[in-house]
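These notes are about the structure you will find just below.
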Amino acid sequence: MMDFSEMTAGDISRAVRAGDLSARTVTEAALERIAALDPALGAFTDVTAERAIDRARAIDRTVTCGGDPGPLAGVPMAAKNLFDIEGVVTRAGSKINRDNRKAARNATLIDRLEAAGAVTLGALNMGEYAYDFTGQNVHDGPSRNPHAAEHMSGGSSGGSGTAVGAGMVPLALGSDTNGSIRVPSAFCGIFGLKPTYGRLSRGRTFPFVASLDHLGPFARTTFDLALAYDAMLGPDPADPALTDRPDEPISALIGAGLDGLRIARATGYFERGGDAQTLEAVTRIAAALGTTATVDIEGAAQARASAYLITMAEGAALHLGRLKDRAADFDPDVRDRLIAGAMIPGAWVVKAQKYRRIFAARMARLFKTTDVILAPSTPCPAPLIGQKTFVLDGEELPLRPNIGIYTQPISFIGLPVVNVPVWTEGKTLPVGVQIIAAPWREDVAMRVAGWLERQGVVFAPVAKG
């Protein structure tokens with residue numbers, strides 16, 4: 001069986017479209033790799049092998065008949081199990097949802113990737129109802145870090161990070177409410193894109209916090225990330241949050257330079273408590289980009305606090321019926337946080353929403369003089385599975401709610417972000433740096449990430465076991 005794990009999505013698609021490689025061969029190789037690695041890593045909850053082989057055969061028939069299956073022809077992919085996949089129960093990481101019927105249709109974004117030629121191999125492990133930063137699931141077991149299996153993958157899109165980092169699939173889909181794309185991509189040493197809020201459709205996915213939920217791709221190269229993003233663009237009446245802004249494909253821009261871009265490093269709050277490896281990574285990225293400029297994002301701590309209030313209150317409202325009827329079937333940590341959210345005074349939530357507008361306006365003014373902001377993705381590399389606390393600014397804090405200290409203020413106002421993986425010599429595990437741009441400027445964030453990748457400053461190797 002071929003070893004496709006080092007091939008990028010772009011490599012696979014070019015070979016399949018040219019007839020040099022069959023989609024079925026790639027699909028079977030991917031399924032074999034999943035069977036070999038996943039029992040130890042826990043990335044998948046459902047493998048849709050028969051469906052995937054049928055899809056691959058159809059792609060090969062298209063090529064044989066002289067047709068073009070699309071820019072992702074034959075590329076294996078998988079999706080966090082809050083995306084509907086036809087014929088699969090959408091678990092959303094929970095025990096309760098397993099009683100639901102199998103999905104009758106794919107999520108909008110899966111349909112769009114398959115229309116571009118991708119082959120869906122299954123559903124991926126996640127934190128229960130996406131309320132998690134660790135990648136640990138009490139029902140399905142943890143998704144493990146592909147570079148060191150005793151460490152966390154990050155959450156809540158932990159299976160997505162594990163599957164891509166381990167080379168089981170070159171592309172995966174996840175969601176990001178407070179950091180659930182950026183944390184796993186940082187911990188697992190891959191690229192992750194959280195687009196602007198309202199850019200990609202959430203149609204036929206299980207929600208968490210509707211006013212904060214984003215969907216986006218994971219990949220091992222920026223070009224693959226851009227190919228997936230481009231394929232998923234477009235309006236969708238199933239998601240009322242989508243705007244009518246014109247969509248702008250970005251894959252053609254990955255080779256562009258940095259001319260004219262004003263880049264600065266976030267200081268103040270975004271230097272608080274990060275360990276030496278994390279802070280050094282941001283310094284290294286800034287140096288590679290040739291910038292010494294800094295910005296102090298005023299009110300970031302208040303933005304994070306407000307995001308927490310909104311998350312707890314909206315999440316509790318969504319799950320109130322389940323809490324009343326099936327409280328014992330929740331992960332106790334998730335249940336207790338949702339119950340606490342149900343007791344938050346409405347006036348607090350109103351104030352948090354008001355502060356969202358204030359903070360967004362403040363950031364809009366900052367982006368008049370700065371195009372890109374650099375910040376750490378997490379305060380540390382991936383902790384050990386089961387670890388409960390870590391030290392931040394000399395204080396021991398609960399780990400689970402605090403991994404997202406640097407990601408929450410950014411998703412709070414829906415800014416587009418690319419996580420880039422940064423490796424340090426002598427360290428087993430990577431850290432991540434957020435490349436943050438103004439609303440609707442995914443192209444700018446991806447230009448910077450692509451330039452860093454071409455210079456060899458950031459890269460995403462397949463885990464060796």
Side-chain angles (χ1 to χ4, degrees), residues 6-18 70-75 77 109 112-113 116-118 164-165 169-174 176 181-182 185-186 189-196 199-200 214-234 246-263 285-286 288-291 371-374 377 415-423 430 432-462:
E6 298 284 351
M7 295 181 71
T8 69
D11 293 336
I12 292 169
S13 177
R14 283 188 290 271
V16 169
R17 293 164 85 187
L72 292 172
V75 174
M77 61 152 285
L109 296 190
R112 289 178 178 173
L113 290 174
V164 173
V169 289
L171 290 177
L173 292 179
D176 189 311
I181 288 173
R182 291 159 290 163
S185 54
I190 58 178
F191 296 93
L193 169 61
K194 183 198 79 62
T196 307
R199 175 69 92 179
L200 295 182
H214 309 66
L215 305 180
F218 295 76
R220 293 196 317 275
T221 72
T222 54
F223 183 68
D224 287 358
L225 206 64
L227 279 178
Y229 170 85
D230 287 355
M232 293 187 288
L233 293 170
D247 290 319
E248 298 177 1
I250 59 176
S251 55
L253 303 175
I254 293 301
L258 304 178
D259 293 350
L261 291 184
R262 300 161 297 178
I263 303 170
I285 295 298
L289 294 168
T291 183
D371 298 304
V372 171
I373 299 171
L374 310 175
S377 296
L415 300 178
V417 188
V418 179
N419 173 81
V420 295
V422 182
W423 296 82
V433 172
Q434 295 184 85
I435 311 296
I436 305 163
W440 315 110
R441 297 312 306 266
E442 288 86 356
D443 61 319
V444 171
M446 287 293 290
R447 273 177 62 192
V448 173
W451 187 90
L452 288 166
E453 185 184 23
R454 291 197 308 280
Q455 304 306 310
V457 180
V458 299
F459 52 92
V462 175

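The chain is numbered in sequence order, starting from 1. Just the heavy atoms: all of them, side chains too, but no hydrogens, waters or symmetry mates, feed the values below.
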Could you tell me whether the side chain of [Y] reaches within less than 4.5 Å of the side chain of [X], counting heavy atoms only?
X    : Y    : result
I190 : P421 : no
V417 : D176 : no
L452 : T222 : no
W440 : P416 : no
F191 : N419 : no
H214 : I181 : no
L415 : P439 : yes
L374 : I435 : yes

How far apart are the closest heavy atoms of [X] and [Y], and which atoms are they?
X    : Y    : result
I12  : P170 : CD1-CG, 4.1 Å
Y229 : P195 : CE1-CB, 4.2 Å
A231 : A116 : CB-CB, 3.8 Å
R17  : A73  : CG-CB, 3.6 Å

Report the distance from atom [atom1] of [X] to atom [atom2] of [Y], rounding to the nearest 0.5 Å.
X    : Y    : atom1 : atom2 : answer
E442 : L225 : CD    : CG    : 11.0 Å
I250 : M446 : CD1   : CE    : 4.5 Å
D224 : I254 : CG    : CD1   : 10.0 Å
L215 : M232 : CG    : CE    : 8.5 Å
F218 : L193 : CZ    : CG    : 10.0 Å

Q | Test applied, side-chain contact (heavy atoms from CB on, under 4.5 Å); reference residue, M77; option that passes from L171, L72, V164 | A | L171
Q: Could you tell me which residues satisfy side chain to side chain contact (heavy atoms under 4.5 Å, CB included) with D11, sequence neighbours excluded, listed by chain and number?
A: M7, T8, R14
Just by distance, do the side chain of [X] and the backbone of [Y] share a donor-acceptor pair under 3.5 Å?
X    : Y    : result
R220 : P461 : no
T291 : I263 : yes
S13  : G10  : no

Q. Does any pair with a residue in residues 246-255 pass salt bridge (Lys or Arg N to Asp or Glu O under 4.0 Å), and if so which ones, sequence neighbours excluded?
A. R199-D247
